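Counting starts at 1 for both ligands and their atoms, following the listed order. The model shown is predicted, which means the values in this text are computed figures rather than measured ones.
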Amino acid sequence: YYDYYDYYYYYYHHKVVIILAPYSLTVYSVLKHLDPCLIHLSSTEPISNVTLRANQTELMEFNSSAVATCSISSGSSLSFLWMNGSSEVTASNRVQFTDRNSTLTIVNVTRYDQGPFRCCVSNPVSNGTSNPLNFTINGPDNMALTVNKQNITSFLIGSNLTMLCSVQSNPPAQLRWAFRGERVNTTGPLLELFNVSESQSGAYSCLAFNNHTNMNSNITAYIMIASEFVGIGT
Ligand SMILES: *[C@@H]1O[C@H](CO)[C@@H](O)[C@H](O)[C@H]1NC(C)=O
Ligand SMILES: *[C@@H]1O[C@H](CO)[C@@H](O)[C@H](O)[C@H]1NC(C)=O
Ligand SMILES: *[C@@H]1O[C@H](CO)[C@@H](O)[C@H](O)[C@H]1NC(C)=O
Ligand SMILES: *[C@@H]1O[C@H](CO)[C@@H](O)[C@H](O)[C@H]1NC(C)=O
Ligand SMILES: *[C@@H]1O[C@H](CO)[C@@H](O)[C@H](O)[C@H]1NC(C)=O
Ligand SMILES: *[C@@H]1O[C@H](CO)[C@@H](O)[C@H](O)[C@H]1NC(C)=O
Ligand SMILES: *[C@@H]1O[C@H](CO)[C@@H](O)[C@H](O)[C@H]1NC(C)=O
Ligand SMILES: *[C@@H]1O[C@H](CO)[C@@H](O)[C@H](O)[C@H]1NC(C)=O
Ligand SMILES: *[C@@H]1O[C@H](CO)[C@@H](O)[C@H](O)[C@H]1NC(C)=O
Ligand SMILES: *[C@@H]1O[C@H](CO)[C@@H](O)[C@H](O)[C@H]1NC(C)=O
Ligand SMILES: *[C@@H]1O[C@H](CO)[C@@H](O)[C@H](O)[C@H]1NC(C)=O
Ligand SMILES: *[C@@H]1O[C@H](CO)[C@@H](O)[C@H](O)[C@H]1NC(C)=O
């Protein structure tokens, strides 16, 4: 009887706590010992420590699968809900849920599959949300090429040209250059040409490579060098 009373004391004591921390383990164990009406409920363990993990987070666009596994330290009768940012992830031909929805697989990932992903786990007595998980899928993207900080492509003989290549990439892309399809020695975002002649007219390409995603991208500018501006090229 002493024990019973003691539990009751805890029960009432923790009833206050119930309002403040409805999912504490203490409350759960007290309910389990005290209230026979809650036996079916108390057979549902509260959820703790929701953890989201992935084997690999550096992925190749269109060529990798993202696999994330949601695990918990304790809890039963679970249901899983997946979020990508603030949107719920729904199953499709690219998106699958397995292991009772505790594993998320996205095949042929795109740059829109970078997350942050979270899994939200709930059962009748509690719920929990995992840490966020990001995938890195940035290939080289959104390339741009300017010459002398301008958009123009026609220049006078004897000009100096500074070509600047910009690209979005994570990790940073390695940049190389080509002239008329032939690689030139220059690497990095700048290609400088001094005192140009007509023979240097042609296609200049900046080639970007992301060594983590294995993705390539390129952009080409057609440069004309003439003794005087012709047509509308100014
Ligand atoms: C939470 O779960 C992770 C993965 O299962 C484990 O490594 C970690 O020790 C757990 N933390 C606690 C506080 O239980
Ligand atoms: C994750 O890694 C473990 C151990 O390296 C491996 O057994 C498992 O198959 C991997 N899972 C996926 C989905 O790649
Ligand atoms: C796609 O992945 C496969 C296997 O990992 C690899 O052999 C292939 O080169 C990749 N394709 C591209 C375009 O990177
Ligand atoms: C994933 O990409 C491969 C190779 O491009 C293709 O054969 C396959 O149908 C794609 N799967 C889906 C679900 O889009
Ligand atoms: C997995 O989630 C879907 C809804 O996304 C639901 O219809 C299905 O019952 C769930 N499966 C399990 C085993 O919980
Ligand atoms: C999780 O618990 C909070 C706090 O009671 C509640 O507001 C929320 O709706 C619950 N979420 C789910 C998915 O059950
Ligand atoms: C995950 O991505 C979000 C949004 O892109 C970013 O705010 C956050 O810092 C990233 N988290 C990590 C651990 O990289
Ligand atoms: C360069 O030209 C393109 C289209 O011709 C235009 O969209 C872009 O805004 C221009 N950029 C600058 C810096 O003028
Ligand atoms: C081109 O650059 C060279 C060396 O920096 C400089 O001497 C020359 O004046 C420049 N020519 C023009 C047209 O700006
Ligand atoms: C190109 O690079 C190679 C090796 O780095 C070097 O030997 C050669 O002189 C360079 N050529 C030019 C034109 O800069
Ligand atoms: C990949 O590229 C990064 C940045 O360009 C560089 O620091 C790193 O050494 C490269 N890694 C390999 C394996 O080439
Ligand atoms: C440039 O990109 C196009 C596709 O956008 C590709 O067909 C071409 O082979 C690339 N060129 C180089 C030199 O990588």
(message) Whether the side chain of Asn131 engages the backbone of Leu52 through a donor-acceptor N/O pair (distance < 3.5 Å, no angle test) should be reported.
(response) yes

(message) Could you tell me if the side chain of Val67 sits less than 4.5 Å from the side chain of Phe135, heavy atoms only?
(response)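 When only atoms from C-beta onward are counted, Val67 and Phe135 do not touch, as no gap falls below 4.5 Å.
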
(message) We want to know whether Gln168 and Asn142 form a side-chain donor-acceptor pair, criterion being a heavy-atom distance below 3.5 angstrom.
(response)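 Yes - a donor-acceptor pair under 3.5 Å links their side chains.
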
(message) Suppose clustering is done on Ile, Leu, Val, Met, Phe, Trp and Tyr with side-chain heavy atoms closer than 4.5 Å. Which residues sit in the same group as Leu164?
(response) Leu190

(request) Give the minimum heavy-atom separation between Cys119 and Val50, together with the two atoms involved. (result)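 Result for this residue pair: SG-CG1, 3.7 Å.
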
(request) Take Asp141 and Met215 through the side-chain contact (heavy atoms from CB on, under 4.5 Å) test and state the conclusion after the steps. (result) CA-CA 9 Å; Asp141 196 13; Met215 293 287 289; over 6 Å; no

(message) Distance under 4.0 Å to a non-hydrogen atom of Asn101: what atoms of ligand 5 satisfy this?
(response) 1 (C), 2 (O), 3 (C), 8 (C), 10 (C), 11 (N), 12 (C), 14 (O)

(request) Output every pair passing salt bridge (Lys or Arg N to Asp or Glu O under 4.0 Å) with a member in residues 86-106, not counting sequence neighbours, ordered by first then second residue. (result) Arg94-Asp113

Numbering the atoms of ligand 4 from 1, which are under 4.0 Å from a heavy atom of [X]?
X	value
Val107	13 (C)
Asn93	13 (C)
Asn108	1 (C), 2 (O), 3 (C), 8 (C), 10 (C), 11 (N), 12 (C), 14 (O)

In a simple table, one pair per line, please give the protein and ligand 7 atom names for every N or O pair closer than 3.5 Å, along with the distance.
unit_1   : atom_1 : unit_2 : atom_2 : d
ligand 7 : 2 (O)  : Asn134 : OD1    : 3.4
ligand 7 : 2 (O)  : Asn134 : ND2    : 2.4
ligand 7 : 11 (N) : Asn134 : ND2    : 2.8
ligand 7 : 14 (O) : Asn134 : ND2    : 3.2

Please list, one pair per line, the donor and acceptor atoms closer than 3.5 Å that link side chains of residues 200-208 to other protein atoms, with sequence neighbours excluded.
unit_1 : atom_1 : unit_2 : atom_2 : d
Gln200 : OE1    : Ser197 : N      : 3.0
Ser201 : OG     : Glu198 : O      : 2.9
Ser201 : OG     : Ile225 : N      : 2.8
Ser201 : OG     : Ile225 : O      : 3.4
Tyr204 : OH     : Gln200 : O      : 2.7
Ser205 : OG     : Thr220 : OG1    : 2.8

